[in-house]
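Here the structure is laid out as structure tokens; the discussion comes afterwards.
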Amino acid sequence: MEAAPVVDESCAVFGGLPELEPQAIHRFVVGEDQAPRTLSADEAEAELGDPFATLLLLQGNFPHSAIATLKAIDQATSADDPLRQQMSFVLGEGSQLDDPELATDGLRFLVARGDGPQGPDLIVSAFAPEQEDGVELMSWDRARGGFNFYRTVGSNGAWVFAGNSRHAVLEGTEGKGPFESHASGNLLMKELKTPWINWDSPAAPIPPTIFPEGDARVQHAWFAAKELQGAITCEAAVARPSIQRWTEARFEAIVGADGAIERPARIIEQILTTPTANLVSSHIESDVVASKEVDLPVTFFVDAEGLAQFELPTPPGFTLQGALYAQSLQTFEVHLSDGRGFDQPRDTHFAFVVPERAAEDQAVLQAARESGLISDRLAASLLMTDFPNPIFSERRASLMSHVPTEATIADGVSGFSEEMANAILAAADASGEGSAEREFAERWAAGDAWREQFTPILNDYYAAVQAKLADQEAFNDYFRLAESRRKHFRKFPIGKEFKLLFSRSNVPEQDRAMQSDGTVVSQG
Amino acid sequence: VAVLERFSTPAHLPEPNGAGADAWSERVEGLVGPFAQEFEQFYDPTEDDTPTDGQPPPIAWPAFPARLKSLSEDVRWKMADTDRRQQDEYCEWSVEKDGDEITRVTFTSEVPEYFEHLAERDRADGSDRLLSFYREFVDPDADPNQLLDANGRYIAENPLNTSTDGRLAHLVMGSNNLLAAIALAAQATVLRQDHGVPVTKQQALVECAKLGESLRNSDPQIAGAVNNAASTGVEISLADPIGLYIDRLLMTGMVAPDDADVTDFWHIERGEAGRALRASFSVPPERGYTVTKVKLAGRPITFGAQLAERVQIKIEPAIRPAAHHPERKPCKHQR
């Protein structure tokens, strides 16, 4: 008997499902399925080509916990199979707090199996090895490409197929179920970059001494034999290769045999808007911030990685005196709170945690250029529109209304860029003074000399920002701007879920934007 | 492991005779011994045993300097590639090019003390191991006059070993040496408090106890791991053979133009897998392309630093059970 239709289309829907038959493969691709349904053997074989399915589920093997799944993989593979190669990582938003309960509350593991040049084939996320309900698993579909997303439901650990990476970018399923968080179908490592706040790493190890005495997790191989470099390895050997792998597969799939591109707007959306974001921070621990020079993430100020793709100048690095930063913490009554009673006047472990443009969106930008869909001139002109606001830019996002509905690529060449540019230019005259269309038109007018014209604009901006970082009130404005971007991030499911991601402050909730002279303005 | 008879050479590099082995051991003893005398929870493995069932904290870090990580990629990669003084994570590298394209990147974690030892042994027994090393690994035309001063003493910062181009010899940046690593491990056994509040965070600990540089990957990592272990009451030292080691190069995400297995491009030149002292990344000549043609995370390798971000360095601590009840001492600036 199939379950009743489910109304909730968010990722949380899986938490509210009734118990399911554990000896079956269930499918619940939110947006396609009204409710979980059992796949027949033929259906499962036709849809699931990943090693988790082919080695276990399709063989009638239904492990009921995270660790049982990995043991079953071991039993189903030969000793030299790459799937036997394991890397484990640990993270937790409270892991650097002195409060012993908070330090281990929410601690979770990421375990990767397989070590090919394109990254692992199977990734498990769980709070504990013996966990049965809520285990998340991604496995690369060797037949169709993309990761297949699974999770267990209920106390008996029934496995539900929740979709493939491609469902993240398909109308009807995008933004639903797991793709609410995995916005474009990628592995999620939101703190992707150094110093990987919240992750075990050389920058901030999670030592065994944080566990309460007798906690079984500390002796388990997932912790005891975790990767020496933690997040560094996860970034380099798991997250980035996985993003690259899916992006390449996605572009291979969306360019049809006739060169037609399916839904070009879905690609441009990842260049013009902020479907998701990563988190980055200073490298300075908050505990020592007052006496140090504080490095601020350059990507807070500009899309340095996007611009670097076009060999446009990137910032030399932005720093300010720690005393100024420390004063801002006082001025804005910065405190860390879990919303459940823990509340301390302090900042996050590393100072100045802010969202930055997601690596998965950078990968799409690169793939769109390399496929020939967009020209460097168009991409650079788009990114240079409202460039001081690399994320959450409504101005840049407003250009989405000019994206052509169709596109074709022939021999690596497409007329898409000219078509889109012409659509924006056509709208520019009728748009208001200072509109995004007019700003784009100005950038586009640089013609083939765009690099020469954009370079001094960026360098002037970098100089203006660095000069302002010597001034307390100017930095206070940057702090307020950071708060408004954090507010946006908190609206993402991955921002709502973890209360200790950011510190709190008394800064009024308001949208703010950076300007090219390094000043910040309030909006709305 | 029983009490060590003597300290081994890094990665058990061969010594031609017992006198050479003794000389190296005495040199290391001269570094370890005074710290063992000074610090209650730091021990000398040639004086006290190291049980085999201890679980010393693993300590590893990336070779790329943490101080530069906040800069955008191209800026930081260029800075690190062009100045050995920036390479301060107990690993240094140099780059060989053909035109604009990289042909080989060589990494070393060999400490200068070992080369001083070679020079001394050469003087003592008339051998020429120092020059032979330079001619084999650095420059076939290396001249003794480039390596030794008028008194026959070794010049670590010689012209062949300070360049960022070509093939470097060993660590030369000011704080990249064995003494610094041993001192850090020993001093980090002291627990600290700041006005009564335990200092446990890595950078805060480094600042509080003046343990090296807080914005490195290595120093805070070594200090934090040792300090955390010391808090459990054990005694700590460094495992034999004491050295700084290149653990591995993470090669996932590297794609060769002919889809070759890039693990074949990583060559351990001295030491062994997991405990290398010198290693290089180059494409076998028969493949007919350069390192730059290999893509890493979707980008061609145009800087040695791109690889350095994926090179893992490690130091191997040792512990022995003890029942110390260490008292936390105030930060040094509060004295």
Side-chain angles (χ1 to χ4, degrees), chain A residues 96 98 115-120 193-195 201-205 207-209 224 226-229 232-233 236-238 240-245 247-248 282-288 291-292 295-299 302 304-305 307-309 311 313-319 349 363 366-367 370, chain B residues 55 57-62 64 66-76 79 194 197-208 214-218 220-222 224-225 228-229 231-232 247-248 250-256 259 261-263 295-299 309-310 312 314 333:
Chain A
Q96 296 300 324
D98 293 327
D115 190 21
Q118 294 180 293
K193 270 194 222 163
T194 173
S201 81
T209 46
K226 62 185 161 65
E227 278 296 306
L228 270 181
Q229 291 202 91
I232 298 175
T233 305
V238 179
R240 287 195 188 271
S242 297
I243 290 170
Q244 193 72 23
R245 188 181 200 180
T247 304
E248 285 172 8
S282 164
H283 287 76
I284 304 292
E285 285 176 7
S286 297
D287 287 358
V288 298
S291 62
K292 305 295 286 186
D295 62 296
L296 300 176
V298 293
T299 50
V302 74
E305 287 169 24
L307 296 176
Q309 290 193 30
E311 296 174 16
T314 52
F318 294 119
T319 57
H349 178 69
Q366 185 176 352
E370 289 178 352
Chain B
Q55 292 186 321
I59 305 177
W61 60 89
F64 188 85
R67 288 178 302 99
L68 304 181
K69 287 288 278 186
S70 59
L71 306 177
S72 41
E73 290 179 340
D74 290 69
V75 172
R76 69 175 186 247
M79 280 181 75
D194 186 357
V197 179
V199 178
T200 56
K201 303 291 179 281
Q202 290 190 163
Q203 290 177 11
L205 179 66
V206 168
E207 293 285 318
C208 168
S214 63
L215 281 184
R216 286 204 187 110
N217 294 313
S218 49
Q221 163 80 350
I222 296 169
N228 187 265
S231 71
T232 65
D247 189 27
R248 64 175 173 176
L250 269 176
M251 285 180 264
T252 310
M254 285 189 201
V255 181
D259 288 328
D261 182 354
V262 292
T263 59
K295 283 191 170 182
L296 196 169
R299 290 191 59 171
E309 291 193 336
R310 289 165 161 252
Q312 179 169 294
K314 71 174 180 184
H333 59 79

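Chain naming here is simple, since letters A, B, ... match the order of the sequence lines and numbering starts at 1 in each.
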Item checked: pair Pro57(B)-Pro207(A): side-chain heavy atoms closer than 4.5 Å ->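 Sidechains of Pro207(A) and Pro57(B): no contact.
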Distance check, rounded to the nearest 0.5 Å: [X] atom [atom1] versus [Y] atom [atom2]?
X: Gln203(B); Y: Asp287(A); atom1: CD; atom2: CG; answer: 9.5 Å
X: Leu228(A); Y: Arg248(B); atom1: CG; atom2: CZ; answer: 7.0 Å
X: Gln229(A); Y: Arg310(B); atom1: CD; atom2: CZ; answer: 11.0 Å
X: Ile232(A); Y: Leu250(B); atom1: CD1; atom2: CG; answer: 9.0 Å

Heavy-atom cut-off 4.5 Å, strictly under: side chain, backbone, both or neither for [X] against chain B?
X: Gln244(A); answer: side chain
X: Ala367(A); answer: neither
X: Pro297(A); answer: neither
X: Ala304(A); answer: side chain
X: Pro316(A); answer: backbone
X: Leu307(A); answer: neither

Margin query: So if I apply the side chain to side chain contact (heavy atoms under 4.5 Å, CB included) rule between Pro202(A) and each of Pro220(B), Pro62(B), Ser218(B), which one comes out positive?
Written below: Pro62(B)
Item checked: Residue among Pro117(A), Pro241(A), Ser242(A) satisfying side chain to side chain contact (heavy atoms under 4.5 Å, CB included) with Thr252(B) ->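 Result: among Pro117(A), Pro241(A), Ser242(A), Pro241(A) is the only option passing the side chain to side chain contact (heavy atoms under 4.5 Å, CB included) with Thr252(B).
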Checklist line | Donor-acceptor under 3.5 Å (Gln202(B) side chain, Ala203(A) main chain) | finding: yes
Margin query: Which one wins on heavy-atom pair count under 4.5 Å against chain A: Asp247(B), Asp74(B), Leu68(B), Leu215(B)?
Written below: Leu215(B)
Notebook entry, point to check: Any Lys/Arg nitrogen of Glu309(B) or Lys193(A) sitting under 4.0 Å from an Asp/Glu carboxylate oxygen of the other?
Noted result: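 Salt bridge flag = no for Lys193(A) with Glu309(B).
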Next item on the list: Could you give me the CA-CA distance, side-chain angles and deciding distance for Glu207(B) and Glu285(A), then say whether side chain to side chain contact (heavy atoms under 4.5 Å, CB included) is met?
Entry: CA-CA 11 Å; Glu207(B) 293 285 318; Glu285(A) 285 176 7; over 6 Å; no
